[in-house]
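Scroll down for the structure; my scribbles are underneath it.
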4 protein chains.
Amino acid sequence: MTCNCHLEHIISLTFISDPATGRRRNAVSHDAILDATYVMLEEIGFDKLSLEGVAARAGVGKATIYRWWPNKSALAMESLLRAVEPMPPIGDSGSSRQDIEDHMTRLSQLLRGKSGRVVREMIALAQFDDETMRIFNDNYLEPRRVALVSVLRRGAQRGEFREDFDLNLVFDLLYAPLLQRLLTGSADIDERQIQSQLKLVLGSIALEQPVVQ
Amino acid sequence: MTCNCHLEHIISLTFISDPATGRRRNAVSHDAILDATYVMLEEIGFDKLSLEGVAARAGVGKATIYRWWPNKSALAMESLLRAVEPMPPIGDSGSSRQDIEDHMTRLSQLLRGKSGRVVREMIALAQFDDETMRIFNDNYLEPRRVALVSVLRRGAQRGEFREDFDLNLVFDLLYAPLLQRLLTGSADIDERQIQSQLKLVLGSIALEQPVVQ
Amino acid sequence: MTCNCHLEHIISLTFISDPATGRRRNAVSHDAILDATYVMLEEIGFDKLSLEGVAARAGVGKATIYRWWPNKSALAMESLLRAVEPMPPIGDSGSSRQDIEDHMTRLSQLLRGKSGRVVREMIALAQFDDETMRIFNDNYLEPRRVALVSVLRRGAQRGEFREDFDLNLVFDLLYAPLLQRLLTGSADIDERQIQSQLKLVLGSIALEQPVVQ
Amino acid sequence: MTCNCHLEHIISLTFISDPATGRRRNAVSHDAILDATYVMLEEIGFDKLSLEGVAARAGVGKATIYRWWPNKSALAMESLLRAVEPMPPIGDSGSSRQDIEDHMTRLSQLLRGKSGRVVREMIALAQFDDETMRIFNDNYLEPRRVALVSVLRRGAQRGEFREDFDLNLVFDLLYAPLLQRLLTGSADIDERQIQSQLKLVLGSIALEQPVVQ
DNA sequence: TCATAACCGAGACGGTACGTCTCGTCTTGGG
DNA sequence: CCCAAGACGAGACGTACCGTCTCGGTTATGA
């Protein structure tokens, strides 16, 4: 028997051996815990979040939390992952540049909203625990990297982009500035900036197009 | 009498009136506190750092810490700022591109070392407290932004770079990928990557130079 | 079906109706529980004894314990009663005084050994639960009282002892000092003391013998 | 500086070094803890007594309890010792026998009342912890033993009693039956029984007096 | 022979309390 | 007025057990 959390296909946080004996895990409690965690993260923040409080709010014994999550970070991370909007799907309009632009536009919208706060918290959490970091990378960053890189590769095969650049680097140049703004509060994430950024980054790898359009 | 911490000219964390009477602040205690904090941050990390422990290690009363710092984050941030290497000075070799390349190379070296861990911790801390965020931005990120932007501007004036790009955006494209790698552990910060990045970013704003060199 | 514990004829602790159908009680588990309980009582004492631990050690589900014993005290008491040495039989040598002396000597030997610790623990347990107290009195103290009183009565009928004393009081004067030493650790239970005590107590009820022998 | 508990002259439970620095122990809290403990012992018994509850009731942090008492037993023992009536003083009427009779009469009265319950609980507690046992012996049993033995010795010197008996044994014969009845609930402690007991025990060591008066 | 019961192991569950730790505040006495 | 030492009320930590409750599986009748 495996974890009955709805993220089981992505995260391997809560491994459950199958002893084929003993009472089964209570799905209601599991969800109540993650829900309570998320609500309390919103209300009082990670710092002041206590598993004691989560247990009380979820109507659950503390031991039940400790049975399934190794620490506060991992619990918070899983609750945040449930809350973050799923990755904006990347279509295939024929123009990879257009596909990327659509994705980045949608991403910037999400980061301006709830997801922004959530992602910011997840990255902060990840700094204090390697396992938590792994969960974030595996479930947030990597899927986006994979998707975007494949669009870039498609574009390169089509002749839209040059082929002599590390596509992972291009991904970093697209995502990192947004995350930096998110984490340093140094500036809002606005549409115009995204456009400038796309012009500069994609322009530099564009083929048969002058850098200035 | 004022705060004798060496950052007093920048941060207004520790505000001390000058009552012109009574015993003066003990500089030895002050340093012992920051030193103990830094050492313990290295040993056990921010999470497990306790003011109780810092006081014991520094041979100081807890009240003395509370007298001068409002919370754990502020104390940690100050101790980290003391420890982070000063910004690599940016010279003027005649070539702005070369100046930037030198700076970025040096930066990547620093981030691979002690400074990397320190910066990573500072950014994480800053997510949980606005004041801490302000201190980090004012004392770490902004000075680097100002310096790099001025080099970029110099280059633009010299005709090395085009003038139709937001220089702050360029700064982000240079710094953010490094910080992202630092924060997500997704890849080490290696020299070759820096070179690729510089080629792509600076290449795209270079004037009178083909993107392919 | 009834309780198959070997004390069922005396204690009515475990009352089981006979449903005439269904699986029968597992005697192996039953013994394993009492054995594990006794061993753990020796190893860690009553305070730290947990039914959780007993279940684990006995290789038994917790529910099986709760099915047959109402609480920790009852379980411990039953396991101790199994372990306490049976009452030293009191013979009839012709001299009641000699019979009593033999019994007391044997008793003091037992109390110096395993039985001593066991009795001590049983008395302590009994202070916290009336039912437990009843079991202890019925199964330990009363049988000894009855036996000793009958020897005393026999002696009185024979003309060894005076008949104007409460034989229960004499029993108390014989047993209580031993139990007191056991419970207060104020002195070991040594042979010489027993002799002094017998001389004093039995001497005072002896007939046709000067107090000074 | 020493323990400010009002029993400091007798018990050495709470040893306090004199660091000559730091805040001093709060006498109000100390008393509140012992009071709360005693009240709760009466209300719910030792088994269900929790330091958590004591702390809450006393309006005190749990750590304050753990700072000054090593465990629940020691705390309960000290609170009970405060509650037990002081030893009935033994006068000197000229007749040691009379003095002892007065003491035993008063003792049986006390044991029928609050002190009885308290002593019973103290003895039970003492079975689970050696230190607790020591406290009980030192503060309850020994003072009574010393006092009674000295009266017996006085009687022997006066020629009331024979001198060839262990006075400690006589003390045991006087006290132990009362404690046994207390602990086994086997009988109430009544006046007539005390008289029988005195007649038998003191009679047997009496000089120049027929055993039957 | 097969359904019905009761038993059993395992172990999850909501709870309570443990004993420890740290928080931020508050005396102390000394400098 | 500063300082160290350290007691204090508060409350979370992570652990251990409590007594109850599924689970799947195992005996034993007796219909």
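The chains referred to below are lettered A, B, ... by the order of the sequence lines, with proteins before strands, and numbering in each begins at 1. For the numbers below, each heavy atom of this structure counts, side chains included, while hydrogens, waters and symmetry mates do not.
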Round to the nearest Å and state the distance from [X] atom [atom1] to [N] atom [atom2].
X        : N       : atom1 : atom2 : answer
Leu75(C) : dC18(F) : CG    : P     : 11 Å
Arg67(C) : dA5(E)  : CZ    : P     : 17 Å
Ile44(C) : dA16(F) : CD1   : P     : 13 Å
Ile65(B) : dC26(E) : CD1   : P     : 17 Å
Asn26(C) : dA10(E) : CG    : P     : 12 Å
Trp68(D) : dG6(F)  : CH2   : P     : 11 Å
Ile33(A) : dG15(E) : CD1   : P     : 12 Å
Tyr66(C) : dC7(E)  : OH    : P     : 18 Å

Cut-off 3.5 Å, no hydrogens considered: what does the side-chain donor-acceptor table look like for residues 44-51 of chain D, sequence neighbours left out?
{"from": "Ser50(D)", "atom 1": "OG", "to": "Gly53(D)", "atom 2": "N", "distance (Å)": "2.9"}

Q.
By nearest atom, which of the nucleotides dG14(E), dC18(F), dC7(E) is closest to the Ser29(A) side chain?
A. dG14(E)

Q | Proximal nucleotide (of dC3(F), dT15(F), dA10(F)) relative to the Thr64(B) side chain | A | dC3(F)

Q: Taking all heavy atoms of Leu34(D) and all of Glu78(D), pick out the closest pair and write down the distance.
A: CD1-OE2, 3.7 Å

Q: Starting from the 5' end of DNA chain E, give me the residue, Lys62(B) or Gly61(A), whose nearest nucleotide shows up first.
A: Gly61(A)

Q) Has the side chain of Arg23(A) got a donor or acceptor that lies under 3.5 Å from a partner of the other kind on the base of dC21(F)? A) yes

Q.
Is there, by distance only and without an angle test, a donor paired with an acceptor across the side chain of Thr21(A) and the base of dG9(E) below 3.5 Å?
A. yes

(Q) Ring of Trp68(A), cation from Arg24(A) - is the NZ or CZ under 6.0 Å from the centre and inside 45° of the axis? (A) no

All salt bridge (charged side-chain N to carboxylate O under 4.0 Å, His left out) counterparts of [X], not counting sequence neighbours:
X         : value
Arg117(D) : Glu42(D)
Arg57(B)  : Glu43(B)
Lys72(A)  : none

Q. Taking the nucleotide of DNA chain F with the closest heavy atom to each, which residue, Ala63(D) or Asn71(C), is nearer the 5' end?
A. Ala63(D)

Q: Could you tell me which residues satisfy side-chain contact (heavy atoms from CB on, under 4.5 Å) with Ser29(D), sequence neighbours excluded, listed by chain and number?
A: Asn26(D), Val60(D)

Q | Residue-level proximity of residues 46-59 of chain D to DNA chain E when a heavy atom falls under 4.0 Å | A | Ser50(D), Leu51(D), Glu52(D)

